[in-house]
Student: 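Quick one: the structure is below, questions incoming.
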Amino acid sequence: PLVVVTGLLGSGARELALDRGADVDRVDRAASLGFVTSHFEQKWHVPSFAEWLAEREPDLVVRSVFDRLDAATSGDESEVIYSPQLIEFPAAILKLRPNATIIQVHRRPEDCAAAIVDESIRSRREFSNAVDPIKVSRYWAWRSELALNRNLDQRETHPEIEQRITDIDT
C-alpha cells in the first residue's frame, strides 16, 4: 500500500522517505507544479496563501497533490511518497487512499523553523533582493503552528485514523 511520509519541513521526513525508497526528486518536481505545496509557499511571499489553502476542501487539496504525484510516479499504490504539505490533511489522505499508511515525523518545531526559514530565505532571494529575514521567520513560526494545529484537529475529530498513522520522533 501507499506510504505517505510527512512532517514539517526540516523535520527529517524527507530523509526518512529517501531511506524508505522514495524518489524524492521526482516527487519534488511534480509537487512544485502546484499551488498547494510547501514549495510554492517557501519560494514566494504571498501572506494570504495559508488562508486561501484553509478555505479549500481538504479532499480537493489532497486529490490535487495525489494527481501530480501519480503523474510523476508509476501511480503504484505501493509507492513511498514524501509531502510536507500533507501533514495538514491526514483524514483526507486516508479517505482518498484507504489502504495508505501515514508516517508522521516529529522534531521540535523551533528546530524545524530554523531549517524552513533558511531554505525560504534562500529560495526567495533567487527572485528578490528585498527579503526580510524577520518577516520570513515570523511567517514560518505562525505557519508551522497552524499546520500542526490542523493536523491535531483532524486527528482529534477522526480518532479512527490513529491506527493508520505511525509517529516517529527525530
Side-chain angles (χ1 to χ4, degrees), residues 4-18 22 24-69 72 81-93 96 102-158 161 165 167-170:
V4 177
V5 181
T6 190
L8 290 178
L9 290 164
S11 67
R14 185 178 198 279
E15 293 76 12
L16 180 69
L18 283 168
V24 173
D25 292 332
R26 183 174 49 163
V27 172
D28 280 350
R29 283 192 303 278
S32 68
L33 298 174
F35 289 111
V36 294
T37 69
S38 56
H39 298 280
F40 172 80
E41 196 168 4
Q42 264 190 301
K43 190 171 279 190
W44 304 104
H45 176 65
V46 182
S48 60
F49 175 80
E51 290 86 359
W52 173 85
L53 184 62
E55 293 173 4
R56 307 282 73 83
E57 177 63 37
D59 291 359
L60 296 176
V61 173
V62 173
R63 184 173 288 115
S64 174
V65 173
F66 281 161
D67 287 349
R68 283 179 177 75
L69 294 174
I81 64 168
Y82 158 72
S83 178
Q85 195 70 51
L86 292 180
I87 193 172
E88 299 183 54
F89 308 108
I93 292 169
L96 294 170
I102 299 172
I103 299 175
Q104 186 172 326
V105 180
H106 301 273
R107 184 177 174 201
R108 291 173 10 132
E110 55 271 20
D111 293 338
C112 293
I116 295 167
V117 168
D118 287 347
E119 179 62 26
S120 187
I121 289 170
R122 187 196 61 74
S123 294
R124 291 177 185 190
R125 283 189 174 150
E126 291 177 17
F127 301 99
S128 173
N129 292 326
V131 177
D132 180 348
I134 301 300
K135 187 183 259 186
V136 173
S137 297
R138 285 185 180 139
Y139 177 82
W140 280 107
W142 168 79
R143 186 64 178 94
S144 297
E145 182 179 6
L146 181 65
L148 291 174
N149 284 334
R150 287 180 181 163
N151 176 275
L152 292 172
D153 288 347
Q154 284 200 18
R155 291 176 77 160
E156 289 172 3
T157 306
H158 303 280
I161 68 175
I165 299 174
D167 293 294
I168 296 177
D169 294 322
T170 59

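All heavy atoms count here, side chains included; hydrogens, waters and symmetry mates do not. A quick note: this is a predicted structure, and the numbers were derived from the prediction, not measured.
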Student: Within the 4.5 Å heavy-atom criterion, are V4 and I103 side-chain neighbours or not?
Tutor: no

Student: Taking G10's backbone N and O only, do any of them form a donor-acceptor pair with R14's side chain (distance below 3.5 Å, no angle check)?
Tutor: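 Not a single qualifying donor-acceptor pair exists.
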
Student: Would a 4.5 Å heavy-atom cut-off, applied to side chains only, mark I81 and F66 as touching?
Tutor: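 I81 reaches F66 side chain to side chain.
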
Student: Where do A91 and I161 come nearest, in terms of heavy atoms and distance?
Tutor: N-CD1, 3.9 Å

Student: Output the distance between atom CH2 (W140) and atom CD1 (I121), rounded to the nearest 0.5 Å.
Tutor: 11.5 Å

Student: Which atoms form the tightest heavy-atom contact between Q154 and A92, and what is the distance?
Tutor: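 Shortest heavy-atom separation between Q154 and A92 comes out as OE1-N, 4.0 Å.
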
Student: Nearest 0.5 Å, please: how far is OG1 in T170 from CG in L16?
Tutor: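 These two atoms lie 9.0 Å from each other.
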
Student: Evaluate the side-chain proximity of R125 to P133: yes if any heavy-atom separation is below 4.5 Å, no if none is.
Tutor: yes

Student: Answer yes or no: is there a side-chain heavy-atom contact under 4.5 Å between R138 and W142?
Tutor: no

Student: Could you check whether any side-chain N or O of T157 sits under 3.5 Å from a backbone N or O of D153, counting only pairs where one atom can act as donor and the other as acceptor?
Tutor: yes

Student: Given side chains that start at C-beta, do those of I168 and Q104 come closer than 4.5 Å, heavy atoms only?
Tutor: no

Student: Would you confirm whether R150, through its side chain, and F89, through its main-chain N or O, come within 3.5 Å as a donor-acceptor pair?
Tutor: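 No, the answer is negative, given that no donor and acceptor are paired below the 3.5 Å cut-off.
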
Student: Show the nearest heavy-atom pair for residues T6 and S83, with the distance to one decimal.
Tutor: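 That would be OG1-O, 2.8 Å.
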
Student: What pair of heavy atoms forms the shortest contact from A13 to V5, and how long is it?
Tutor: O-CG1, 3.3 Å

Student: Is it true that E88 and R143 make a salt bridge, defined as a side-chain N closer than 4.0 Å to a carboxylate O?
Tutor: yes

Student: Can you find a pair of side-chain heavy atoms, one from R124 and one from E126, that are under 4.5 Å apart?
Tutor: no

Student: For V105 and S11, work out which heavy atoms get closest and say how close.
Tutor: CG1-O, 3.4 Å

Student: Might you point out which heavy atoms bring V117 and S137 nearest each other, and give the distance in Å?
Tutor: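 What the structure gives for the nearest pair is CG1-OG, 3.5 Å.
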
Student: Pick from I102, L152, V62: which one makes a side-chain contact (heavy atoms from CB on, under 4.5 Å) with P90?
Tutor: I102

Student: Report the distance from atom CD of E119 to atom CZ of R122, rounding to the nearest 0.5 Å.
Tutor: 4.0 Å

Student: Working to the nearest 0.5 Å, report the span between CG of L60 and CG of L96.
Tutor: 9.0 Å

Student: Got a second to check how far D111's CG is from L8's CG, nearest 0.5 Å?
Tutor: 11.0 Å

Student: Side-chain contact, heavy-atom cut-off 4.5 Å: R155 with I165?
Tutor: yes

Student: Enter the distance from L9:CG to I116:CD1 here, rounded to the nearest 0.5 Å.
Tutor: 5.0 Å

Student: Decide, yes or no, whether a salt bridge links R108 with D169 under the criterion of side-chain N to carboxylate O below 4.0 Å.
Tutor: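 Salt bridge flag = no for D169 with R108.
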
Student: Check the pair W52, R56 against side chain to side chain contact (heavy atoms under 4.5 Å, CB included), reporting the backbone distance first and the verdict last.
Tutor: CA-CA 7 Å; W52 173 85; R56 307 282 73 83; 2.5 Å; yes

